[in-house]
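Only one structure is covered here, and it is reproduced in the block below.
We use all heavy atoms of the structure for the numbers below, so side chains are in, but hydrogens, waters and symmetry mates are not.
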Amino acid sequence: MTTVTRSTGGTTSVDVAEAVRAVRASSRRRQLLDAAVAVMGRTGFHQMSMQALADEADVSVGLFYKYFGSKEDILLAAIIDILEAFRDQLQPAMDQAGDDPVMRLIAGFRQYTTIVDQNRDAVVLTYRESRTLDADGRERIKELEVETSAPMRDAISAGIDAGLMNEVDPDLVVFDLMMLAHGWALKHWHFAPHQLAGYIAAQLRFTLPALVVGDKLDEYLATI
C-alpha cells in the first residue's frame, strides 16, 4: 500500500513530486528549443541534423526524440514558443498601463519589442523557415499571430471609439506595429547602436502622429 503524506494545506507528496517533474520537463524542453534555435540559426533548417542538436544541447539524440517527433516538430515548437511569449506577456504589460487606450498601445508596443529583443534569433528563424512548415503548421502560426496581436488591436479600436485616435484600420495598424517590432531583430545589425529603448521611442514618435488626434498628440509624445 502506498502511503501519501498530506500537509495542512492539502498538498500531498504526490502533488509535489508531479510539480517537480513538470518543472524539470519544462526546463529540459526550454534547453532543447534554445539549442535548436542556435543550430538552425547557424546552418538553416534543412542542413540541421539531430546529432548537431544533441551536441549543442549536450544530450543524446534519443532525448530529442522523447520531446519532439521530427525536425519539423522542433521547428514548429520553436516558432510557437515565441508566439506564446507574445500571447502570455502582452496583455499583462498593457493592463499595467491603465485604461487609457493610447497608453495601453504604447505599453503593448514596448513589451512586444522587448520580447522580440529577448528572442531575436527565434524571430529571424520564424521569418526564414516558417515556409518550411506543412499546411497545418502554417495555419497554426497564422492563428497565433492573430491571437497575439489582439490586445493591441483592441487598444486601437478603443482609442478610435474614445475619440483619441484617428479613423484607421486597426488590423492594418497593429500588423504595421508588429513589423516595426520585428525590425529590431531582422535589422539588428543596423539598429543596435540605437539601443532597445531608443529604437522603441523612435518608432513610437514615428507612428503616433498618424494615430493620435492632433490636440492630444503632444501629451502622449511627452510620455515616451
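- Heavy atoms from other residues, nucleotides or ligands lying under 6.0 Å from CG of Asp161 number more than 12.
- In plain terms, the two heavy atoms of Phe175 and Ser149 that are nearest each other are CZ-OG, 4.2 Å.
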- Trace of the side chain to side chain contact (heavy atoms under 4.5 Å, CB included) decision for Gln111 with Met94: CA-CA 8 Å; Gln111 182 64 27; Met94 293 176 67; over 6 Å; no
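- Using a cutoff of 4.0 Å between basic side-chain nitrogens and carboxylate oxygens, Asp34 and Arg30 are scored as salt-bridged.
- Taking a 6.0 Å sphere around NZ of Lys216, one finds it holds 12 or fewer heavy atoms contributed by other residues, nucleotides or ligands.
- When all heavy atoms of Ala78 and Leu33 are compared, the closest pair comes out as N-CD2, 3.8 Å.
- The closest side-chain heavy-atom distance from Leu75 to Leu133 is below 4.5 Å.
- Follow the hydrophobic side-chain contacts under 4.5 Å out from Leu217 and you never reach Val213; the two are in separate clusters.
- Here Leu125 contributes atom CG and Phe45 contributes atom CZ; the two are 9.5 Å apart, rounded to the nearest 0.5 Å.
- Under the 3.5 Å distance criterion, with hydrogens and angles disregarded, no donor-acceptor pair is assigned to the side chains of Asp117 and Tyr199.
- Linking Ile, Leu, Val, Met, Phe, Trp and Tyr residues whenever their side-chain heavy atoms come within less than 4.5 Å leaves Leu172 and Leu204 in two separate clusters.
- Between Gln51 and Asp55, some side-chain heavy-atom pair lies under the 4.5 Å cut-off.
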- Message: Working note: Glu167 + Ile160, criterion side chain to side chain contact (heavy atoms under 4.5 Å, CB included); need CA distance, chi angles, decisive distance, verdict.
- Response: CA-CA 6 Å; Glu167 292 285 343; Ile160 295 170; 3.5 Å; yes
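- The shortest heavy-atom contact between Pro170 and Arg153 is CB-CG, 4.0 Å.
- A 6.0 Å sphere centred on CD of Glu84 holds more than 12 heavy atoms belonging to other residues, nucleotides or ligands.
- Residues Ala38 and Glu56 come closest through the heavy atom pair CB-OE2, 3.8 Å.
- Atom-to-atom distance recorded for Arg104:CZ and Asp95:CG is 5.0 Å, nearest 0.5 angstrom.
- In the displayed structure, Asp134 atom CG is contacted under 6.0 Å by more than 12 heavy atoms of other residues, nucleotides or ligands.
- Residue Gly69 comes nearest to Asp73 through the heavy atom pair N-OD2, 3.2 Å, listed as atom of the first residue, atom of the second, then distance.
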- Decide side chain to side chain contact (heavy atoms under 4.5 Å, CB included) for Leu211 and Asn166; before the verdict, give the C-alpha distance in whole Å, the side-chain angles of both, and the deciding distance to 0.1 Å. CA-CA 5 Å; Leu211 298 177; Asn166 298 311; 5.6 Å; no
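- To the nearest 0.5 Å, atoms CG (Leu53) and CE (Met48) are separated by 4.5 Å.
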- Message: I'd like to know whether Lys187 forms a side chain to side chain contact (heavy atoms under 4.5 Å, CB included) with Trp189, so could you lay out the CA-CA distance, the side-chain angles of the two residues, the decisive distance to 0.1 Å, and finally the verdict.
- Response: CA-CA 5 Å; Lys187 300 298 181 182; Trp189 58 270; 3.8 Å; yes
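- Separation of atoms OH (Tyr220) and CG (Leu105) is listed at 10.5 Å; rounding is to 0.5 Å.
- Looking at every heavy atom in both residues, Leu63 comes nearest to Leu32 through O-CD1, 4.3 Å.
- With Gln31 contributing its side chain and Ala57 its backbone, the two residues share a donor-acceptor pair below 3.5 Å.
- Looking at heavy atoms from C-beta onward, Lys142 lies out of side-chain contact with Val146 at the 4.5 angstrom threshold.
- Under the 4.5 Å side-chain contact rule for hydrophobic residues, Leu144 and Phe86 share a cluster.
- Side-chain contact between Phe109 and Leu180: present, with at least one pair of heavy atoms (C-beta onward) separated by less than 4.5 Å.
- Counting only distance, with no hydrogens or angles, the side chain of Asn119 and the backbone of Ala122 share no donor-acceptor pair below 3.5 Å.
- Side chains of Arg28 and Val59 form a contact here, defined as non-hydrogen atoms less than 4.5 Å apart.
- Annotation: the span from Leu221 atom CG to Ile106 atom CD1 amounts to 8.0 Å, rounded to 0.5 Å.
- Note: Leu208 CG to Met165 CE = 8.0 Å, rounded to the nearest 0.5 Å.
- Ile82 places a side-chain heavy atom less than 4.5 Å from the side chain of Val123.
- Among Val37, Ile141, Ile74, the single residue meeting the side chain to side chain contact (heavy atoms under 4.5 Å, CB included) criterion with Ile79 is Ile141.
- Below 30°, between 30° and 60°, or above 60°: for Trp184 and His188 the angle between ring planes is above 60°, a perpendicular geometry.
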